[in-house]
A.B. asks: 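Take this structure first; my questions come after.
Naming: A, B, ... by sequence-line order, numbering from 1 per chain.
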There are 2 protein chains.
Amino acid sequence: MSSNYKDKKVITIGVISELTGLSERKIRYYEERKLIFPERSSGGTRKYSFGDVERLIDIADKMEDGMQTFEIRRMEQKKMKNSELRDKMLRGQLNAAFNLRK
Amino acid sequence: MSSNYKDKKVITIGVISELTGLSERKIRYYEERKLIFPERSSGGTRKYSFGDVERLIDIADKMEDGMQTFEIRRMEQKKMKNSELRDKMLRGQLNAAFNLRK
DNA sequence: CGTGTAAGGAATTCTGACACG
DNA sequence: CGTGTAAGGAATTCTGACACG
C-alpha cells in the first residue's frame, strides 16, 4: 500500500547494471525486445525500478537456460492471460455466490 | 525484512530533486551540514535512497518552519539518544522480569 | 546562514553501426 | 540471435567560488 517504492522508476542504467550484473548492452537489448520498459528523463536517460531489477534477474536466468527473448516475451504474456483468466473465473464465482443470496 | 528497497542507495541527485522538489544546491548543502548521507559511485556521483527522500522532505518542512540546519541535526541526535534510552530501559525491564522467573 | 548561479571539467548515458557467429 | 565494442555527442553531476543578505 501507500508509496510503492518497488515500482517507482528512478534508477539509472549504470546502477541497474551493478545490481543485476548484466551489461548495459544487454539491458538495452532486452528493452528493444520488449522485455523491459524503463521510463525516460526529459533528457532521454532511462530510469528503472526495483521491480525491473527483479524482472531482469528473472530474464537473465531464462536466457542462461537457453531460452530466446521472444520465448520469454511469449511466456510473460501467457502468464498475464492466465492471471486474467483466474480473475475472470474468480469474479464469476463471486457473482454466482452473490446472486444466490438475493 | 528481506530486500529493503527503502534504504538502498541507488538514486541520483537529479531524480531526488524531482522527487523532493528541492534544488540540487539545497540537497548538497544539507549533506555538507551532515543532515543527509548519500553514498558515491566509483566516479563520485552521489546515490540516495527512498529513505533519504523521506528524510529530505522532513528536513524541508523543518526549514520552512524557520529551523536552522544545526538545530535539525541536534534534534535528530536527540531522537537517537531517546530511542537508545528507550531500548536500554526496555532491556532492563525485560531482564528484571526474566530474573524474577529463575 | 542558506541558496542561486556561472564555470570548467569529469562521469554517465545515448544512438547507430560494425563485428562475430 | 545475442552481445561486445569504438565513436561522437548530449545530458548529468561534481567542485570551488562569488554573490546576497
A.B. asks: Using a 4.0 Å cut-off on heavy atoms, which residues in residues 48-65 of chain B reach DNA chain D? List them by number, or say none.
C.D. replies: none
A.B. asks: Return the value, rounded to whole Å, for the distance between atom CD1 of A:Ile27 and atom C1' of D:dG2.
C.D. replies: 14 Å
A.B. asks: Is the phosphate of C:dT12 approached by B:Ser41 (side-chain N or O, under 4.0 Å from OP1 or OP2)?
C.D. replies: yes
A.B. asks: Measure the spacing between CZ of A:Arg74 and CD of A:Glu71 and express it to the nearest 0.5 Å.
C.D. replies: 6.0 Å
A.B. asks: Measure the distance from NZ on A:Lys47 to P on C:dC14 and round it to the nearest whole Å.
C.D. replies: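 In whole Å, C:dC14 P lies 12 Å from A:Lys47 NZ.
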A.B. asks: What distance do A:Leu85 atom CG and A:Lys78 atom NZ have between them, rounded to the nearest 0.5 Å?
C.D. replies: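 Between atom CG of A:Leu85 and atom NZ of A:Lys78 there are 13.0 Å.
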A.B. asks: Show which side-chain atoms of residues 6-20 of chain A pair as donor or acceptor with protein atoms under 3.5 Å away, not counting sequence neighbours.
C.D. replies:
residue	atom	partner	partner atom	Å
A:Lys6	NZ	A:Glu54	OE1	3.3
A:Lys9	NZ	A:Phe37	O	2.8
A:Lys9	NZ	A:Asp52	OD1	3.2
A:Lys9	NZ	A:Asp52	OD2	2.9
A:Ser17	OG	A:Leu22	O	2.7
A:Thr20	OG1	A:Ile16	O	2.8
A:Thr20	OG1	A:Leu22	N	3.2

A.B. asks: Fit a plane to each ring of B:Tyr5 and A:Phe50, take the angle between them on a 0 to 90° scale, and name the class: parallel (under 30°), tilted (30 to 60°) or perpendicular (over 60°).
C.D. replies: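 Parallel.
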A.B. asks: With side chains defined as the heavy atoms from C-beta onward, is the minimum distance between B:Tyr29 and B:Glu32 less than 4.5 Å?
C.D. replies: yes
A.B. asks: Please list every donor-acceptor pair under 3.5 Å in which a side-chain atom of residues 60-70 of chain B meets a protein atom from a residue at least two apart or in another chain.
C.D. replies:
residue	atom	partner	partner atom	Å
B:Lys62	NZ	B:Asp58	OD2	2.8
B:Thr69	OG1	B:Arg33	NH1	3.0

A.B. asks: Restricting to nitrogen or oxygen on both sides, can you table the protein-nucleotides 15-20 of chain D pairs closer than 3.5 Å?
C.D. replies:
residue	atom	partner	partner atom	Å
D:dT15	OP1	B:Arg40	NH1	3.0
D:dT15	OP1	B:Arg40	NH2	3.0
D:dT15	OP2	B:Arg46	NH2	2.2

A.B. asks: Would you say that A:Ile72 contacts A:Tyr30 through its side chain, given a criterion of any heavy-atom pair below 4.5 Å between the two side chains?
C.D. replies: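 No, their side chains stay 4.5 Å or more apart.
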A.B. asks: Not counting sequence neighbours, which residues clear salt bridge (charged side-chain N to carboxylate O under 4.0 Å, His left out) with A:Arg73? List them please.
C.D. replies: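 None.
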A.B. asks: Scan residues 5-21 of chain B against DNA chain C and write down, sorted by residue number, each residue with any heavy atom closer than 4.0 Å; if none is found, say none.
C.D. replies: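 Listed by number, there are none.
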A.B. asks: Would you say a side-chain N or O of A:Ser23 is under 4.0 Å from OP1 or OP2 of D:dG4?
C.D. replies: yes
A.B. asks: Reading DNA chain D 5' to 3', how would its secondary structure be written in dot-bracket notation, given Watson-Crick and G-U pairs with both distances under 3.5 Å, brackets [ ] for crossing pairs and | for partners on other strands?
C.D. replies: .||||.||.|.|.||.||||.
A.B. asks: Got a sec? Which of residues 68-79 of chain B come in under 4.0 Å of DNA chain C, heavy atoms?
C.D. replies: B:Gln68, B:Thr69
A.B. asks: Kindly write out the residues that satisfy salt bridge (charged side-chain N to carboxylate O under 4.0 Å, His left out) with B:Glu31, not counting sequence neighbours, or none if the list is empty.
C.D. replies: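 Per chain and number, B:Glu31 pairs via salt bridge (charged side-chain N to carboxylate O under 4.0 Å, His left out) with B:Arg40, B:Arg46.
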A.B. asks: Expected output is a numbered-order residue list: members of residues 29-38 of chain B with a heavy atom under 4.0 Å from any atom of DNA chain D. What is it?
C.D. replies: none
A.B. asks: Whole angstroms only, please: what is the CD-C1' distance between B:Glu24 and C:dG4?
C.D. replies: 13 Å
A.B. asks: Which pairs, protein N/O on one side and nucleotides 6-10 of chain C N/O on the other, fall under 3.5 Å?
C.D. replies:
none

A.B. asks: State which residues pass salt bridge (charged side-chain N to carboxylate O under 4.0 Å, His left out) with A:Arg91; sequence neighbours excluded, sorted by chain then number.
C.D. replies: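 Applying salt bridge (charged side-chain N to carboxylate O under 4.0 Å, His left out) to A:Arg91 gives none.
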